[in-house]
Structure formats: C-alpha cells, structure tokens
**Q** 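Attaching a single structure in structure tokens format; questions to follow.
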Amino acid sequence: MDEVTVRVTVNGEARAVRVPVGMSLLEMLREVLGLTGTKYGCGAGDCGACTVLLDGKPVNSCLVLAAEVDGHVVTTIEGLGKAGLHPVQEAFVRHGAIQCGFCSPGMIMTAVGFLAENPHPSEAEVRAALAGNLCRCTGYAKIVQAVLEASRQLASLEHRRDAIRGGTP
Amino acid sequence: MYPVSRYLRPGSLQEAIALLQEYPGSRPIAGGTDLLVALKEKGVHCDTLVDLKGIPGLGHLRESEDGSVEMGALVTIAELLKSPVIRQRLPLLASAASLLGSYQVRQRATLGGNLCNASPAAETACPLLAMDARVRLVGPRGERVLRLADFFRAPGQTALERAEVLVGVECPGVADREGARYGGMYLKLGPRQAMDIAVVNVAVWLGVAGGRCVDARIALGAVGPVPFRARDAEEALVGRPLDAETIERAAVAAQQAARPIDDIRASAWYRREMVRNLVTRALSGTVAKVGRPDRG
Amino acid sequence: MSEQFPLAVVGRSVERFDARDKACGKAVYVADLHFPGMLLARPVRSPHAHARVAAVMVEEALATPGVVAVLTARDVPGSNLVGSRGVRDQPVLAGEKVRFVGEPVALVVAETPAAAESGVARVRVAYEQLPAVFSPEEALAPGAPQLAEGGNLCYHGRIKRGDFQRALREAALVVTNVYRTHLVDHAFLEPHGAVAVPEPDGRVCVWVTAKTVHPLQEEIARVLDCPKERVRVVAAAVGGSFGGKPDIQCACLAALAAAKTGRPVKVVYTREECFQTSTKRHPYVMQYTHAVSGDGRLLGVKVDLVADAGAYTGESRAVVGRGIIHSVGPYYVPNVEVEGRAVFTNNPVSGAMRGYGVPQVVFAHESQMDAVAHELGLDPIELRLRNILRPGLTTITGQAIPEGVGLEASLLRMREILAREASAGCGEELTAWGLGCFHYGNGRTAVEDVGRCRLRQEVDGSFTLFVGVPDVGQGSNTILAQIACEELGVPWGTVRVVSADTAQTLESGPASATRVTVVVGRAVVDVCRRMRELLAGKGGETGPPLEVVAEFRTDATALDENGQGNPYSTYTYGVQAARVRVDRLTGRVRVDRLLAVYDVGRVVNRILFEGQVEGGALTGIGYALHEGVQCSEGRVLNPNFHTYLLPTCPDAPPVLVEVVETTDGVGPFGAKGIGEPATCPTAAAVANGLFRATGVRFRELPLTMEKVYRALRG
C-alpha cells in the first residue's frame, strides 16, 4: 500500500504526516496524532461518534480518507474552547446531556458546526441536525435542550461582542 | 483502513479521465460516503481512487433564463439544500436532499455521487427523474448527454463507460405556463424519522389547467432494479380531471409497474402496496396544493 | 425511615464527576489506551453455527509480516471455560466445537491492525459442520442435536401458589393468548474491548469496559492458571453497558495474548463483531391465561414461557428466573402456575439487557390486562387499581408488600395527567394512549446481595470512597458520592470516588440488577456512619488518616421448590403511558409523547434520574417498533446501524417524568433503583396504545410498519 504525505491544519496547528493511502481520517487522528477524543462507533457513517469539523463543517471522519484532507483544516473535540469549555460543551455539562459520554464528542462537534450554519434553530431543526449522532443513553432530550441553550448563549456572546465593537471609537 | 493502494488527485477533468484510463480497477471518488462504505462492506474492489474534488468547475449551481437548472456533479447535498434556486425551481429535489443521510453525510455527499452510486433507493433519483433531468458525461471519447432515465442500468450500474465521468445534471425549467399550475410532492417511507434507506420513494409532479391534468410525472424508487418513471400511471392522469377515481387508477397502474424484491427492510408485497398508497397520497397532496382543478 | 426530611446533597442535581472530561474528549475508554510496544489482537471467528473444529492451522498466519503470535485453545494455560455466576461453559477460544457464528477459534496478535487482519485471513480452520438448531422449539424436539452435555434445557424454574385450576373454574372471564418477543442488541456506542499490560513484577493489568471487575479477575486468573492476586482488572471509562458488558471473552483474550507475548495487547471489536458476538435480549414465547372475576379481580394466572438462551448459559438462568418472578406484573394474584425455561440453540448468546428478562413479560402481562379491561368494559387504569399490590398483600412468591409503596399513587397521578393531555388524532392518523404498569425487584435475584465499600479520610480532611462497581455511564460514582456527602454531613465536593479497580476496591457486585444505588448505596451509608463515629471519638484530634470498610447485605432469600420466598428487598413501581400515532396508509407507528410516573422512593439526583427514564424509555420504543436482530442460521444479517435501526434524535418523543416519593425502600434515604425500570413498561404501553388506536391486538414484537399494515388491511 502506497503512503501519502498529508499536510493538514489540525486544531490550529500545521501538521505533516505520512500515512497509508487507505487510512481514514479517523484512524489518522486517533492512531497517528494521538487525538483519541474522536471515537470509532461504527465505521460506516451511521453513528456520528467520529464527527469532526472539516473546513468548519461536521463530517464523519470514518468516511474521509486521511489523504483527502491534505491542504484542509480539521477541528476535533480537543480543539474546541482552548480557554475553558466552548459554550456547547458547557451546555452539555450543565444540562445533563452526557451519560456514558462515548457519543458526546461527536454530538458536540455536530452541534458546533450546525450552530455556525444556523445560529437560531428551532427544536425540530436541532433534532434533524443531530439525527446522524446516535445516543443509547440519554433519549436525546437533554442533548436537544443543551444545544438550544448553547444557541442562546452563543447569540448573546455574539451580541456582547458586537456591542463592544460598536462601543469602540 | 480501506483496501485502497493508490489515491490520485487530478487538477483537471482531462487529467482525471486520463488517470481513470491508465489505472485498471480505478474509480472516481467525490464525497465518498457511499463508495467507502461499499469498499468495506460490499467487497467492491477498487485499487485506485481518483479524487474529483480538485477539479474546478464541477461545483456550479445555476438557473438559466429559460428556467432550466444546471448543477455540477460535485455540488454537495448540503449546498442543494441551501440553494434558493433549488428550493424554488426543484422543490422535490430540495425535499429529497433534506432526507438524504445525516447532516454530516450531506456536507460530504455529492449529487453526482448519489446518482453514480445507482442505488435503487437513491434519494435524488426520483425527483430528478420526475423533472426530466439529463446527465452530462465526459469520457475519453468526448462528451454526451443522456436522459437520467437511461443512465441507470441496474443496482450499482450506470451507463458510464470506462473512464467516463458524470460532470453535471440539467433540469429543464417548469414554470407555471399560462393557465397551468405545477406542483408536486416527494415521499419517502422508512421506519424512522431520519437516517433510513427508503423502503419506497415516490416523486410526483403535476401540471393542472382548465380543470384537467396537462402534465403528469411519477417516479418510483426502491421498487425495482433502478428508479424509474411509471408511464402507465402518468397516462392514466393526463387529460383527465384529478378526481379520486382517476387518482386511484393511476395509483394502481403505478403499483403494477413496480417490480420490488423481498429484502431485510420489507417484503415485495408490502412495497407494492406502499407504491399504491404513497402515489395516492402524493397525488392527493399535490392536487390539494395546486388547487382543485374543477373550475380551471 | 418514616418521613421525608430535607437533605443537603441528596436530591440535588449536582454535576456528575466525569461530565467535563467527557465533554472535552479527555475521558479515557479502552480503545484510547496506548502503551509502549503495544500489540493488537484480532480474533479468528467461526463462520458456522455448529461445527466440530477438526484443525486450526496457524503456520501461514505466523509467517505473515508483523504477526507476533497466533493463539488457539491449546495456548490456554489454565481453564478454557469461563462464565457468569459460577456457570462456566463457554470457551475463551473454541477447541473442539463451535456453537455459534462468530465464536473465536484463534487469536492473531500483531504489530499493526493491518498485519493482524492479514494474519486472520491466513489462519486455516478445518470445520466439520454439525446439525444445528435455531429455535427452542427445534432444540426441545425429540431427536434434536444436543448442544450441551446436559442436553438443551439450560434452565427450568417454576412458581406455584394457590390453586390455579380452581381459579379457572370460578372465573367469569378467561383470557388466553400467546406472546412473542424478539432478539435485540444493547447497541452501546462503545464497542467491546480490553487492553492487557504485563507488569514488571509478573502481574498482568487488564483494562476493561465492563459492568464488573472482580469476577473478571477471577475468570482471567483461572484462564491464565495463576493466583488472583497476579491479575489486576481496572475499568476504563465505560461507553455504555445496559447489562451487555460482562466482557469476559474480550478481557480473557487480551490477557492471554499479553501473557503469551509479554507485551501490552489491545483487543477492540468492530461494530459488526459486536452485533454478531455480543449477548442479546432473550426472545421469549409466552403463553398466558388470566382467570378473572366478573368485577375484574385476577383470580389466577398461568404462565408458560420459553426463552432462547442462545449457544451458552451466560446469564440465562438469572434472567429467566427474574422473568418468571415478575411474570404476572405488580398485581395480587392468589393462584398462579408459572413455568419458565431457557433453551440452548445455535443462535447468539442471550444475556443481560436493561430489564433482565422483564420487559418481555411486561409486554405480555400488560397486554393481557388491557385485553381483560376491554372484555369487561373497564377503564384500563381502573382495572389495574382493582388488582395492584398494596400493603398487606403478597406477591406470587409470597413476599409481603410493606406499608408505603407508591403504585396506587403513581396510577392515580397518571390518571390526572392523562386527563389533561390531548389525544385527538387527525386525518390518516389513528391516535391513542396506551399504558404499561410494572414492578421491578432491586438487587440480584433470590440471593443475599452484597455491597461493599471503603472510605478514607485524607490528610486535607477530604474523603475518598472506594467502590468495586464501575460507573457504566449512568453516573453511579456521582450518586454514591452524593449519598456519602449527605451521610457524612460534608459539602458536595468533599468526597471523591475511586471505582472498579481490583487493586484498590472491594468487590461490590456488578453494575446491573438496578442494584447500585440501593445495595452499594447502603454500604456507603454504613461506611460513612462508621467514619462519623470514628471522627466523633477522636474529638477533632489529628492523627493518621482514618480508613473504614462496610458491607451491606440485602435480606433477599432463595426461593423454594414452588418459587416461594423473598427474592428482593425492595421493588421499584411505575407506570408509563405512550401516545401512539398510526399512519393508516403505511402502518407506520410513531410515539409522539411519553409520560412516566415512578415510585422510586427518593430521587438522589434529578437530572441523572430524568436521564435514566428518558433514555430507558427510548430504548423501549426502539424495542417496540423497529429494532430487531435478524438472524439466518445464527448469522446476524444486520450487523450495523444502517440495518439495525436505533431510534434517532427526531424519533424521540418529549417525555414527562414525575415521581412519587415513598418510604418503603431499603435503599439510602429511601432511594430505589431506576436504571432498568425505565425500559420495562414502554413496549407494553406502545402495544396497548396501538390496540386502542386500531382495534387490533398485536402479540408479537416488534410492531413494524409492514406487520401493522398487514393487520390493518385485514
């Protein structure tokens, strides 16, 4: 099997790694870069546990070849909220959206990517966006609450940021 | 680890075609959300992947002055969903796009990929068949345009020849002509609210004028080796008032056209029943939307 | 405890210990572990459901680059048979025979995953296929191939009380039906796995994702033929268990490979392997006869249930044992004849799954109760109120119901809630509410259930609580610390918890049987009391750190030959109602609202409690509607999440959870367990709703679109 060099920005850091052609992005993150926050749950794009942001968009890292991300930007759960928790993570913790936690990193990454696209979603929109992230513990109720709460939190942060900018002469 | 030993990323269509010719057992990859799963689960053999995503000019999505819509093969399902052009001109395709896979898969999966995968249950196939879509193919022997209905050959098989690439999809415009109103409905049946592979999919598109049906398209998925148009059912509608009796006749004709199989998701009998019921539902729903044609 | 008094920490929705780490991807699961020099192991699995293993040829595999070792049954130094609860009949690596598809016959240990895969492909196994059986009916038929030495009957239990034949003669109404339930998978998101690490002192440390560690230590020691002390078992973060992670096989395979190679070894199953080889919920066939008086009193019930145990014993005896104890539901029935059998087949091994043999019987007894109500023209809640277990009455095992149980209060509350909930259907949808009522014994069945723990006061005055039971994701570490803080009278944050490490904790039983809060929680109460006494005795003097241990034993008793006795110390009671919507044209059923009222004694942590009910109920909805492992000759046809259909986020209905707090429980501060009770009544509620919506009684799960459509079409 051929190897390829992948130059990729992961969590803000430029990396260059040599990997087998058939290696998935998930395997590269976990086995080569040691970023084990991203989980293997099914390997077929059904469960969402391996979700990361690729150029800001949530994707199943099990269904992306490492070779395909050459020249792109990847964000994993480890790259969220470098200074403290991201508001989505904070909301998951506060609302009891986490039980066994195995789906949580993927669930959170989907939510982060989704809220960037749709900052003021309805509950139905949140549920539709999370359909590809399976959770066997929570029944999703608290996860949905957390994402809705995070959207309000992010909106008010945005509002505050705008207010500060507006107030600067 | 996927059983692939070569990954190539051409920068132009001509280069891609040349690579596909050069490497036997090579395949183009776009979003990869179907192909990679097939490599793992279905024993699809493919030594070399030729990534089309670096090719410029295959991601367009535009409306022409005549109301027709052109879509590049690399347009993602998420892009289709966000596009006002698609929502306005191809509402059935927008519906289908919202039901395709997960949010994550939609970011990655492409229109071209969904068609080339040639699943009998392909989400985008029925709406595009109903809109008389054509596909543009480019290969070593140049370019050709096929009706989408002629593109699907069998489960997983298309009319694509070796080293030929699907580059785009075109749909003629369907504007409300004088006196005629158009509308339709896409229905997908699965056990859950999301993430299902369809047990049956149905797309219906009707034109109504002067109290009668002037144009009827009914496309069916997951009930035969390929998605197809139910022509007899369409004929049962055209020229007639869209009353319950006509709808029933069309639904039965659609049911008779279905050639489903038994599989893990449903029996052939159930699928045939569902064709009749869902075609009925889609036709009735469409009639309710475009207005009762009684008074024209 | 005679009254509810205000508490400082118990009852608060404190943030669980591991939430932040899990939110940041920092929690370490077995697959995340890495050790220098670590190898990867992959099992070679049988493609046959029943076959003699004539030969296993490993030479070619051994010659594969990167392959370090290939193990077969001959490489097992000690006992090759493992099992749960002292019944050891399942080989770690099959030697002579395989009894189910996917059973491991060899283990390839390699430097990389790719090398391990290549090695697996190069192990040649010569099988001689044997006749196989795939249903209990086939297995019990005369002349059927015998799978185990003792025959195909894995378990036979009975409960007899009163005179059922007399009840039958006196009954105004007799309702007889057969119910069937299907095979489902736990589908925890984290696959099975284990990592074994040889220590410099000759010991081996095995990291597991499991519901228990101490029994694993014993099994591994037997397999390696070494003293227990040479094996340390530690639970990593556990990504869901729901009963399905005994994980003996996985842990033993990793340990064997580490012992053989002297290097750390990781085994992680693929999702397909999990579906093919992990334990499942038992399918039941249940024949019920209810004998009822004209005014709706249950005079007698006869139950005959047969469970498919699959290929090995696993936990079948205890599962079906629990099933028959709960088989008539939370009702007073003076005359009963109950028989339960578990039967070996060549299907995947059945085991423990959230509800432990009970959701099946709840589906049956609640369908029967609704059928009786329908026949008598009685409101379903009214019929239940006439029959529920009340103080002074006895269960079918003769156990007296104490003062304070809250089933009646739960039903009355449910009636109030239902009165204000909308139920109107529209157009092509049929809509109705259905009810499921249940009880569930807390703790292990018909044995003295033991919880143990150790508490240490640290030099800074804080406390460390050591418990043997793993937190499988439900938050038990947090719950136990809340109980400890309350009992010690210290603020939240003063007690930390170390759990599930055989080197540091005492055995305190598995994370199953809805026992942790009640049984281990009581041990925590006791250890804290002792600590308080010690501290009081010291009068504030400083000295060496204090350490105390405690043990709590339930007063559950064994059952006699008629199934009589007190199998549990406490029962959780409750009722769920599901609003069911049926699409007439497709037969598709949706649950769009779910109500739950539970007597759980006292809620220790409201958020965690709600999370259990919401999650458990959705598991019940999946069980009722669209989950199902489809097998053909023992092979799982749908070993992935695009064909095994879990409920997704848009499928989950809003759930209203209400609690009736009561005083009869033996648990800490009156608390009862909720983990399994959350799942038990849901499928019954859905099936009853479906009957009320359509007029068709469905007696076989799951309630798929096609099945419902077929019935509606008639």
Side-chain angles (χ1 to χ4, degrees), chain A residues 1-6 19-28 31 42-72 106-107 109-111 113-114 117-118 121 124-134 140, chain B residues 1-9 11 23 26-42 45-54 74 76-79 81-82 95 97-110 113 117 190-197:
Chain A
M1 192 181 281
D2 275 9
E3 291 204 332
V4 283
T5 300
V6 178
V19 300
V21 171
M23 181 174 263
S24 68
L25 172 58
L26 172 64
E27 289 162 328
M28 182 186 92
E31 290 161 26
C42 72
D46 298 317
C47 80
C50 68
T51 304
V52 300
L53 301 184
L54 176 55
D55 301 328
K57 292 183 179 131
V59 299
N60 296 305
S61 62
C62 72
L63 290 190
V64 177
L65 293 173
E68 289 180 275
V69 304
D70 183 48
H72 293 269
M107 196 71 83
M109 296 313 288
T110 303
F114 168 67
E117 184 193 339
N118 186 350
E125 288 169 334
V126 170
R127 285 185 178 272
L130 296 179
N133 291 84
L134 297 175
Y140 305 102
Chain B
M1 200 74 69
Y2 290 99
V4 176
S5 50
R6 206 174 287 108
Y7 169 82
L8 305 168
R9 190 151 60 174
Y23 292 98
S26 61
R27 272 196 181 220
I29 181 171
T33 52
D34 279 322
L35 179 58
L36 291 176
V37 176
L39 290 183
K40 224 177 233 178
E41 284 182 8
K42 297 183 186 158
H45 180 74
C46 165
D47 190 50
T48 302
L49 291 174
V50 178
D51 190 347
L52 305 181
K53 289 192 290 294
L74 291 181
T76 64
I77 305 303
E79 285 164 351
L81 259 179
K82 266 183 278 190
S95 290
S98 74
L99 298 170
L100 187 153
S102 65
Y103 186 68
Q104 293 95 310
V105 163
R106 293 193 291 270
Q107 308 301 321
R108 207 69 192 148
T110 64
N117 186 51
R192 298 179 294 180
Q193 302 282 327
M195 294 297 287
D196 284 326
I197 296 166

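Since the structure is predicted, the reported quantities are computational estimates derived from the model, not experimental observations. Every chain is numbered from 1, with letters handed out A, B, ... down the list of sequences.
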**Q** Compare every heavy atom of Y103(B) with every heavy atom of A129(A), then report the nearest pair and how far apart it is.
**A** O-CB, 3.4 Å
**Q** Quick check for you: to the nearest 0.5 Å, what is the distance between L81(B) atom CG and E117(A) atom CD?
**A** 8.5 Å
**Q** Check whether Q104(B) reaches the backbone of G45(A) with its side chain - one donor and one acceptor, N or O, closer than 3.5 Å.
**A** no
**Q** To the nearest 0.5 Å, how far apart are OG1 in T110(A) and CD in Q107(B)?
**A** 9.5 Å
**Q** Do you know which of G48(A), A128(A), G43(A) has the most heavy-atom pairs under 4.5 Å to chain B?
**A** G43(A)
**Q** Check whether any side-chain heavy atom of Q193(B) lies under 4.5 Å from a side-chain heavy atom of R127(A), and answer yes or no.
**A** no
**Q** Can you tell me how far the CE atom of M23(A) sits from the OH atom of Y7(B), to the nearest 0.5 Å?
**A** 15.5 Å
**Q** Return the minimal non-hydrogen interatomic distance between S102(B) and G132(A), and the atom names on each side.
**A** CB-CA, 3.5 Å
**Q** With P191(B), which residues qualify under side-chain contact (heavy atoms from CB on, under 4.5 Å), at least two apart?
**A** D196(B), H626(C), L645(C), M705(C)
**Q** Determine the option with the most heavy-atom pairs under 4.5 angstrom with chain B, choosing from D70(A), N133(A), D46(A), V4(A).
**A** D70(A)
**Q** Who are the side-chain contact (heavy atoms from CB on, under 4.5 Å) partners of A30(B), not counting sequence neighbours?
**A** L74(B), T110(B)
**Q** For L26(A), is it the side chain, the backbone, both, or neither that has a heavy atom closer than 4.5 Å to a heavy atom of chain B?
**A** neither
**Q** Inspect the surroundings of CZ in R192(B) and state if more than 12 heavy atoms from other residues, nucleotides or ligands are less than 6.0 Å away.
**A** yes
**Q** Checking an interface table here. Which of residues 60-67 of chain A come within a heavy-atom distance under 4.5 Å of chain B?
**A** N60(A), C62(A), L63(A), V64(A), L65(A), A67(A)
**Q** Where does I29(B) contact chain A at under 4.5 Å (heavy atoms): side chain, backbone, both or neither?
**A** side chain
**Q** Mind ranking L54(A), V59(A), L130(A) by heavy-atom pairs under 4.5 Å with chain B and telling me who comes out on top?
**A** V59(A)
**Q** Applying salt bridge (charged side-chain N to carboxylate O under 4.0 Å, His left out), can you list everything that pairs with E68(A), at least two apart in sequence or on another chain?
**A** K53(B), R108(B)
**Q** Between L39(B) and chain A, with a heavy-atom cut-off of 4.5 Å, which part of the residue counts as in contact: side chain, backbone, both or neither?
**A** neither
